[in-house]
Amino acid sequence: MPELQLAVIDVKPGASMESQSGLQLLRPRIYGAYQAPQGPKKVAAIVMHPTSNFMGHYLIGPLAERGICCMGLNSRFVGNDTVLLMERAIQDLGAGVQYLRAAGYEKVFLVGNSGGAALSAFYQAQAEKFTATHLPDGDPTHLHPGDLPPVDGIALCAAHLGRTRLMRDWIDPSVTDEHDPLSVDPELDMYDPRHRVPYDGEFLARFSAAQKARLDRIEQWCIDRLALLRNTPGAPRDQTFIVYRTHADPRCVDLSLDPNDRLPGSVWGDARQVNYSTNAMGRTTSLTAFLSQWSSRSQADGPTNLARTTVPKLLLTYTGDQSTFPSTRDAWMAAGGSRIRNVDIVGGNHYLAGQPHLIPQAADAIAEFAHAL
């Protein structure tokens with residue numbers, strides 16, 4: 001087994017105070033861990049998530065055993081998406097691609113796992129045709145085409161469609177007061193025992209419409225608040241706020257919806273507890289980060305960007321996943337067109353947690369794809 005090595009990569013500065021670390025602000029860096037097989041440097045992969053720590057990713061070793069240098073790379077926003085900008089995350093991913101190209105690898109591809117799927121699609125879409133000159137709030141991104149060297153392929157696994165779609169599907173519409181995490185309209189509360197599983201169509205229609213309405217209200221508030229801040233002399237250009245209760249997807253408890261092999265619940269445990277938790281998806285965010293990640297103005301929608309790419313693609317569908325579903329697979333497949341194929345990892349949960357026998361299956365499929373690039 002090749003030794004695990006550390007990659008320390010300098011990156012361009014981003015926004016003021018994007019980190020609480022003075023050292024990071026003085027010399028911005030990102031970190032990765034990789035295993036490089038012996039022999040010619042034929043093919044390398046990067047597996048990266050906007051905010052999760054992938055330096056210990058379960059595919060690094062298995063892909064190295066199959067002749068592929070695999071780097072688990074962290075963005076500058078690792079562990080904290082409060083000020084995360086997707087446009088800056090692809091800049092970090094580009095630094096990783098440049099690192100592997102400079103190391104001499106002939107082919108480099110991306111493994112888009114979980115939230116890394118939409119990140120990978122966004123990256124390659126911009127690498128092939130650069131359009132992200134400005135953030136959704138109107139500020140320049142300071143990105144340049146040279147920051148984003150194109151890769152040779154994209155392999156997606158347990159692939160979320162993007163943060164904007166996750167928030168649309170997961171936000172709790174029963175919140176009645178954005179400043180009170182316990183406020184609830186029982187008529188829209190999927191966790192209220194009066195709403196029995198399987199949910200009826202009328203409830204689901206009202207629920208979905210109310211999810212969109214809440215998300216639209218928050219988005220418009222962000223836009224209005226930014227306008228106020230930026231037109232007020234001496235005011236900051238951004239602020240943080242809290243979005244309570246962001247884990248209310250009826251599919252977590254109603255297994256008849258978008259059915260697959262999943263168990264009831266969330267990838268993080270009991271869905272209702274996650275919904276009310278202090279540290280959940282999108283809980284604390286800035287105005288600009290909300291627009292970049294979670295809003296309808298985000299430039300990082302997965303299928304939209306994947307459809308703009310021309311490289312070969314692979315999709316691994318984990319059929320026991322509690323957060324990706326047959327409709328998720330179908331959206332990726334429609335976006336990939338003739339350049340994508342699907343491989344089912346039967347019974348696989350989102351992290352392949354407790355399923356060590358399935359990791360070689362995933363690695364075999366990705367290795368076959370990679371060696372054919």
Side-chain angles (χ1 to χ4, degrees), residues 1-2 4 7 32-49 52 54-73 93 96-97 99-101 103 105-124 150-161 302 306 309-321 323-324 328-329 332-333 335-336 338-353 355-373:
M1 172 74 70
L4 190 68
Y34 65 96
Q35 289 180 257
Q38 297 295 320
K41 295 181 175 181
K42 293 290 186 181
V43 61
I46 296 177
V47 56
M48 179 177 171
H49 189 280
S52 292
F54 272 9
M55 289 175 66
H57 198 278
Y58 59 83
L59 285 172
I60 294 175
L63 288 181
E65 292 173 351
R66 290 158 175 79
I68 298 164
C69 172
C70 183
M71 176 188 290
L73 184 63
L93 181 50
V97 174
Y99 181 94
L100 291 175
R101 295 284 193 204
Y105 285 95
E106 297 175 16
K107 301 283 185 179
V108 177
F109 72 101
L110 304 179
V111 177
N113 176 217
S114 187
L119 176 70
S120 298
F122 183 31
Y123 176 87
Q124 183 62 13
V151 295
D152 300 290
I154 300 173
L156 307 174
C157 54
H160 291 146
L161 298 175
L306 194 74
T309 66
T310 60
V311 294
K313 306 160 188 73
L314 173 71
L315 175 65
L316 299 188
T317 297
Y318 296 1
T319 70
D321 195 344
S323 63
T324 68
T328 314
R329 175 202 61 213
W332 284 120
M333 294 300 290
S338 62
R339 290 185 171 271
I340 194 169
R341 67 183 182 92
N342 177 71
V343 174
D344 282 349
I345 304 299
V346 176
N349 61 48
H350 189 66
Y351 303 109
L352 301 186
Q355 299 175 314
H357 60 290
L358 295 182
I359 295 175
Q361 293 183 30
D364 284 343
I366 293 171
E368 179 184 2
F369 167 79
H371 289 305
L373 291 173

* Which of parallel (below 30°), tilted (30 to 60°) and perpendicular (above 60°) describes Phe369 and Phe109? -> perpendicular

* Any idea which heavy atoms bring Met55 and Ile60 closest together, and the distance? -> O-CD1, 3.5 Å

* With ring pair (Phe, Tyr, Trp, His ring centres under 6.0 Å) as the test, would you mind laying out the steps for His160 and His350 before giving the verdict? => CA-CA 10 Å; His160 291 146; His350 189 66; 4.8 Å; yes

* Which atom names give the shortest non-hydrogen contact between Gly153 and Leu373, and what distance separates them? -> CA-CD2, 4.2 Å

* To do: Among Leu306, Ile154, Asn342, Val343, find the residue that satisfies the side chain to side chain contact (heavy atoms under 4.5 Å, CB included) test when tested with Leu315.
  => Asn342

* Kindly indicate whether the side chain of Tyr99, heavy atoms from C-beta on, has any atom under 4.5 Å from the side chain of Ile46. => no

* Examine the side chains of Asp344 and Thr319 and answer whether a donor and an acceptor come within less than 3.5 Å of each other. => no

* Do you know the tightest heavy-atom contact between His371 and Arg66? -> NE2-O, 2.8 Å

* Structure fact -> Taken in chain and number order and not counting sequence neighbours, the residues that satisfy ring pair (Phe, Tyr, Trp, His ring centres under 6.0 Å) with Tyr34 are none

* **Criterion side chain to side chain contact (heavy atoms under 4.5 Å, CB included) against Phe54, the qualifying member of Leu73, Val111, Asn113, Leu59** => Asn113

* Backbone N or O of Gly347 within a donor-acceptor pair of the Gln355 side chain at under 3.5 Å? -> yes

* Between Lys107 and Asp152, is there a donor-acceptor pair closer than 3.5 Å when you use the side chain of the first and the backbone of the second? -> no

* **Worked check of side-chain contact (heavy atoms from CB on, under 4.5 Å) between Asp364 and Gln361** => CA-CA 5 Å; Asp364 284 343; Gln361 293 183 30; 5.7 Å; no

* Structure fact -> Heavy-atom nearest pair, Ala118 first then Leu161, reads CB-O, 3.9 Å

* Asked: Between Leu63 and Ala363, what is the shortest heavy-atom contact and its length?
  -> CD2-O, 3.8 Å

